[in-house]
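To start, the structure under review is shown below, and the notes come after it.
Just so you know, these numbers use all the heavy atoms, side chains as well, and skip hydrogens, waters and symmetry mates. One-based numbering, in listed order, for ligands and for the atoms of each. Given the structure is predicted, the values throughout are model-derived calculations rather than measurements.
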Amino acid sequence: MAKHPIKGTIDWFDDRLEVTKTIWPATAGHTVPANAKWWYVFGSATMAMFMMQLVTGICLALVYVPSADHAWDSLIYLNFHQPLGWFLRSIHFWGSTAMAAMITIHMTQVFLFGAYKYPRELTWVIGFFLLVCTFGIAFTGQVLRFDQDAYWGLGIGAAMMGRIPWIGPEIVDLILGGPILGAQTLSRFFTLHVFVLPGAVLLLLFFHLYLVLRKGISEMPVAGKRVSKRTYEKKYFAEIERTGVPFFPNAAKRDMIFIGILILVVGIIAAVVGPHGPNGPPDPMIIYTTPRPDWYFMWIFSVLALLPRQIETFLIMAAPVGFIVVFTCLPFWSGTGERHWRRRPAAVIVVILMYVSIGLLTYIGFPSPWSPHMMAGSGVVSPIEYYQGRSPLEMQGAVLFQYKECRNCHAIAGLGGQRGPDLSDVATRLTEDQLRRQIIQGDGNMPAFGRNLKPAEVDALVAYLHTLTPPGENPAQPPSRHEIPALDLPSSTAGGTTGNSSGRGASAPARP
Ligand code: HEC
């Protein structure tokens with residue numbers, strides 16, 4: 001009987017290439033534990049997303065111009081002129097999101113299932129560096145947008161690296177191609193994004209997969225079944241011999257289904273939401289911008305903003321080193337013993353804590369209340385009670401408060417920036433001298449305004465701030481020299497005894 005022509009062609013090639021004899025059994029044909037089911041799809045999903053990024057990235061590179069002058073324009077061209085260019089950018093952006101998500105889930109699953117334990121320690125370590133490279137690609141990729149987010153994010157990143165003792169400036173120089181962001185910067189990041197880091201991923205991936213094939217996919221953990229260096233491999237391979245199934249088509253089928261759904265989801269989101277940016281063109285002259293990193297770096301952004309200043313530099317230096325040490329040492333430190341998460345409560349708690357804290361930090365990163373709200377000074381007015389009944393000097397202070405952009409960081413009646421405290425009732429906390437000192441010298445995260453204000457302007461600001469009390473409360477007073485207990489005499493304190501010329505007393509208009 002004549003062979004089917006397709007089968008005939010395949011066989012013809014197979015006779016010459018000997019795929020079924022040599023490569024197939026060691027790769028797609030290798031046996032996997034029968035109970036390794038849907039939990040095991042995330043690794044291949046990550047790889048599929050990486051492949052998608054390679055393809056879409058190559059297409060983008062055909063149009064993108066990695067030069068500081070033209071990068072932004074070429075993205076605008078892709079978004080609006082090139083047919084389906086927007087969709088390509090969108091797929092590449094959402095694909096990177098999906099890849100970051102998949103690799104995170106994959107790693108969490110491997111950790112919770114204790115799959116990193118003997119004899120798969122190296123698989124884990126290489127996997128961790130794959131994670132590092134993935135986020136490196138994501139970071140360098142957002143710089144390639146070369147919009148304001150990129151420009152400012154990079155500036156902040158460079159300022160951080162510059163703090164590394166001794167070699168900080170050299171590292172900044174190497175990465176930015178000079179002491180400042182310039183023409184060279186983009187070429188460096190382009191090279192990292194399209195050659196160096198993807199190359200590193202391919203190399204690491206090769207070893208990762210090699211180890212996965214050699215040491216086998218871990219079987220589903222069973223509570224009480226401990227990993228011991230003496231017996232594990234013998235038992236594992238005996239079990240695989242008895243009950244294992246070939247990877248293709250059994251497990252491959254599940255991988256394919258999941259990857260298909262994932263690509264569909266990414267495609268739909270990409271089509272509906274569209275590409276990310278570029279937002280405004282990068283311009284060091286524009287400081288009225290609030291740069292935001294892409295969402296997967298948002299938590300780092302929050303951490304940096306919220307760190308107390310005293311430990312900031314130390315943590316910026318120590319945290320990455322700490323992460324690398326902890327993650328690479330983990331399988332050597334707990335390489336044997338229980339694998340099931342029910343017997344490893346500490347592991348479960350670590351995962352929950354990490355997800356909750358990263359989730360919370362990401363959540364507060366989006367509105368970033370600590371960033372000055374750059375337009376608040378020109379856009380937000382206070383309720384009338386905050387102006388009513390003020391003297392001309394105090395009114396002048398109110399205007400200055402608006403005009404000198406104090407409002408960008410300070411709210412009044414809850415309206416305005418949140419970098420500094422709400423000043424609606426600041427007069428109850430600070431005396432006039434303290435207000436004056438705060439304005440002139442600044443403090444903590446508040447810039448010193450001494451040089452930007454004339455003495456008369458400081459007077460006006462202090463006079464105004466000193467009227468800000470809740471109804472019925474008096475402003476803070478300097479401690480009196482003669483500590484006479486206050487008598488309940490009419491108008492002994494009300495009405496402002498400290499040069500407060502407004503003459504407001506019991507009959508003053510109601511204030512909040
Ligand atoms: C860049 C943001 C920023 C700007 C602009 C700013 N401040 Fe502040 N301000 C802060 C922060 C942050 C604090 C909290 C003190 C600290 O961090 O040490 C603060 C504290 C204060 C306090 C003390 C409040 C308290 O309850 O202790 C006063 C008063 C004050 N600012 C007045 C002003 C005035 C007046 C201006 C405008 C001339 C101004 N600030 C502009 C950030 C800012």
Side-chain angles (χ1 to χ4, degrees), residues 152 155-156 159 286-292 301-313 315 364-365 367-382 386-387 390-470 473-479 496 498-500 502 511-512:
W152 287 92
I156 294 167
I286 302 175
I287 54 167
Y288 291 106
T289 170
T290 13
R292 295 278 192 293
F301 174 70
S302 301
V303 168
L304 290 176
L306 299 177
L307 276 183
R309 273 186 315 150
Q310 300 82 347
I311 53 167
E312 205 172 75
T313 307
L315 272 188
I364 58 173
S368 354
W370 55 80
S371 297
H373 288 202
M374 284 314 211
M375 306 315 278
S378 52
V380 183
V381 290
S382 309
Y386 290 90
Y387 302 114
R390 274 20 177 218
S391 74
L393 180 69
E394 290 160 1
M395 283 302 275
Q396 199 199 344
V399 172
L400 281 166
F401 189 78
Q402 204 80 11
Y403 170 65
K404 291 287 177 183
E405 322 244 282
C406 310
R407 202 60 181 275
N408 291 343
C409 295
H410 291 289
I412 286 193
L415 302 167
Q418 291 178 27
R419 191 173 177 86
D422 189 313
L423 295 184
S424 309
D425 54 356
V426 66
T428 59
R429 290 194 297 269
L430 301 179
T431 65
E432 290 195 303
D433 288 342
Q434 288 168 325
L435 285 169
R436 193 178 297 277
R437 196 205 58 75
Q438 177 77 31
I439 295 170
I440 294 176
Q441 293 182 3
D443 181 18
N445 283 319
M446 165 149 165
F449 276 84
R451 264 188 252 151
N452 298 326
L453 294 170
K454 301 192 192 80
E457 291 178 324
V458 177
D459 287 346
L461 271 170
V462 170
Y464 173 62
L465 292 177
H466 208 238
T467 66
L468 297 177
T469 58
E473 266 190 59
N474 294 322
Q477 302 293 334
T498 47
N500 193 334
S502 67
R511 285 195 275 115

Any idea which part of [X] is under 4.0 Å from ligand 1, heavy-atom wise: side chain, backbone, both or neither?
| X | result |
| --- | --- |
| N408 | neither |
| L430 | side chain |
| P421 | side chain |

Q: Taking N408 for its side chain and G417 for its backbone only, find out whether a donor-acceptor pair lies under 3.5 Å.
A: no
(Q) Between H410 and P421 (side chain of the first, backbone of the second, donor and acceptor by atom type, cut-off under 3.5 Å), is there such a pair? (A)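 Pair found, side chain donor or acceptor close to backbone of P421.
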Q) Strictly under 2.8 Å, is any N, O or S atom of H410 next to atom 8 (Fe) of ligand 1? A) yes
Q: Please determine if atom 8 (Fe) of ligand 1 has an N/O/S atom from M446 lying under 2.8 Å away.
A: yes
Q: I would like to know whether L306 and I364 meet side-chain contact (heavy atoms from CB on, under 4.5 Å); could you show each step before the answer?
A: CA-CA 11 Å; L306 299 177; I364 58 173; 3.6 Å; yes
Q: Please identify each residue that fulfils salt bridge (charged side-chain N to carboxylate O under 4.0 Å, His left out) with R429, with sequence neighbours left out.
A: D425
Counting from 1, what ligand 1 atoms have a heavy atom of [X] closer than 4.0 Å?
| X | value |
| --- | --- |
| I439 | 35 (C) |
| R429 | 25 (C), 26 (O) |
| C409 | 1 (C), 2 (C), 3 (C), 4 (C), 5 (C), 42 (C), 43 (C) |
| E405 | 5 (C) |
| L435 | 29 (C) |
| L423 | 24 (C), 32 (C) |

Q.
Can you give me the closest heavy-atom contact between A448 and I440, atom names plus distance?
A.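 Minimum heavy-atom separation between A448 and I440: CB-O, 3.3 Å.
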Q. Does any non-hydrogen side-chain atom of V399 lie less than 4.5 Å from one of Q402?
A. no
Q: Check each of Q434, R407, Q438 against atom 20 (C) of ligand 1 and report the one with the nearest heavy atom.
A: Q438
Q | Sequence-distant partners of L307, side-chain contact (heavy atoms from CB on, under 4.5 Å), two or more places apart | A | V303, I311, E312, L315
(Q) Could you go through R436 and T431, starting from their C-alpha distance and side-chain angles, then the distance that decides it, and tell me whether this counts as side-chain contact (heavy atoms from CB on, under 4.5 Å)? (A) CA-CA 9 Å; R436 193 178 297 277; T431 65; over 6 Å; no
